[in-house]
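Predicted model only: the values in this text are computed from it and were never measured. One-based numbering, in listed order, for ligands and for the atoms of each. Values below: all heavy atoms of this structure, side chains included; hydrogens, waters and symmetry mates excluded. The first residue of the sequence shown is numbered 1, and numbering continues consecutively from there.
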Amino acid sequence: MKKNRIPFFGNQREYIQYREELLAIVDQVMSTGQMLQSQYVDEFEDRIARFVGREYAVSVNSCTDALFFALRALGIGEGDEVLVTNFSFVASASAIVRTGARPVFVDIDPYTLNMDLQKAAEKVSRTTRALVWVHLYGLMGNVSEILDFARRYGLLVVEDAAQALGAEFQGVRAGGVGDVSCISFDPTKVVSAPGSGGVVLTDEERIASKVRSFRYHGKGVQGTFDELGYNSQMSSIAAAVLAQKLIWQQDWLERRRAIAAYYMAQLADLPLQLPAEIPGSLHIYHKFVLRSSRRDELRQFLQDQGVETKIHYALPLTEQPVFNSYIDPGAMTAYPVSYDAARTVLSLPIHPYLQEAEVHFVADTIKAFFEKVE
Ligand SMILES: Cc1ncc(COP(=O)(O)O)c(C=O)c1O
């Protein structure tokens, strides 16, 4: 096999498959001349709100902004603490820092790799106002437990569903839980914009209108600029493309789940940890992440055979310099599970454009690795 014959991302293949439809959408939008604040943006917001089961959707330029605006709309800022997993993309925690609040990092559960609520309980203080819950890799957490926890401690819930579009827990879709939710449409996500994109979802009008104001310079309903805002709009092209992709995504989800089921069956007897499953939770396999103490050797072996893999995430957030001033000394001993995850996780290609033979090749190559080393 040649190097990177099996690519980790499917964006180029997706474009080849849908080129005509996508170009027609771009042409239609551009011919109207309305590149921002158009009917396409309104239509997309209606569609995603209905898909997720929320009253309001406000599109923005990224999920990073969505999280920041969501926290700000909840009134979180200086003097507040917000609980967040220690094992996620940087934006889950940097959004908290941007509001002026303090991120309080919590170690993760060794099976789900999501925030460990027992450990979270130990970190609740008088100033804790909220928790940011990440549905890591596209697996929704146990919503009842998360909401019970928040209720017990009087915390607001911000759902970081960046990776979880289409995931469900007992029939409730990711993005439909808690006070406010955020989803990403960046090019690495299961439904991707031509560029960056994100959305804030909520059932509260007050939060939705705050976010609408933040995304355009703090403009209020009277047309005046009432508070400091930003420019974080979704383009009409992105909105129109995403509205169409929301229809296609059901097929993509089924394909990703079929690939995951194949990997699960083929790799079941190998000395590695397979992705978590939670009863009642529909995993969308945004990422298919296995764990091995020989992760780096396995990754190299796959690379040598032309299979591209990634690591999500190579460092816990407490190791990221941007958060240095929020970390207690001796952080490593306080977060053993996050550190262990960072050393062992490996993400396999799982996009819906993988051919059957490629999926088989990935699984066979992993088996060949363990035959060689065991
Ligand atoms: C868990 C999580 N939160 C937030 C983000 C930020 O999303 P965006 O890239 O749309 O700003 C990402 C994206 O990678 C993510 O994976």
Both conditions, 6.0 Å and 45 degrees, for the charged tip of R173 above the ring of F51: are they met here? yes
Residue, atom and distance of the protein heavy atom nearest atom 16 (O) of ligand 1 read Q163 NE2, 2.9 Å
Checking heavy atoms under 4.0 Å, the part of T64 that sits near ligand 1 is both
Whether G198 lies under 4.0 Å from ligand 1, heavy atom: no
Ligand 1 atoms nearer than 4.0 angstrom to some heavy atom of A162 are 1 (C), 2 (C), 3 (N), 4 (C), 5 (C), 12 (C), 15 (C)
Note: ligand 1 atoms sitting under 4.0 Å from heavy atoms of G197 are 10 (O)
min-distance protein heavy atom vs atom 3 (N) of ligand 1 -> D160 OD2, 2.8 Å
The atoms of ligand 1 lying under 4.0 Å from a heavy atom of V134, numbered in the order shown, are 1 (C)
Query raised in the report: Is any side-chain heavy atom of Y353 less than 4.5 Å from a side-chain heavy atom of I16?
Result: no
- Query: Under 6.0 Å between the ring centres of F149 and Y153?
  - Reply: yes
min-distance protein heavy atom vs atom 14 (O) of ligand 1 -> K189 NZ, 2.7 Å
- Task: Just say parallel, tilted or perpendicular for the rings of W252 and W248, cut-offs at 30° and 60°.
- Result: tilted
So does D340 pair up with R343, basic N to acidic O under 4.0 Å? yes
Next on the checklist: Would you call the rings of Y262 and H360 parallel, tilted or perpendicular, taking 30° and 60° as the class edges?
Outcome noted: parallel
Do R215 and S59 come close enough that some side-chain heavy atom pair is under 4.5 Å? yes
Would you mind reporting whether K189 and C63 have side-chain heavy atoms less than 4.5 Å apart? no
Atom 5 (C) of ligand 1 has as its nearest protein heavy atom F89 CD2, 3.7 Å
Atom 7 (O) of ligand 1 sits nearest the protein heavy atom C63 CB, 3.1 Å
Per-atom filter on ligand 1: closer than 4.0 angstrom to a heavy atom of S88 are 1 (C)
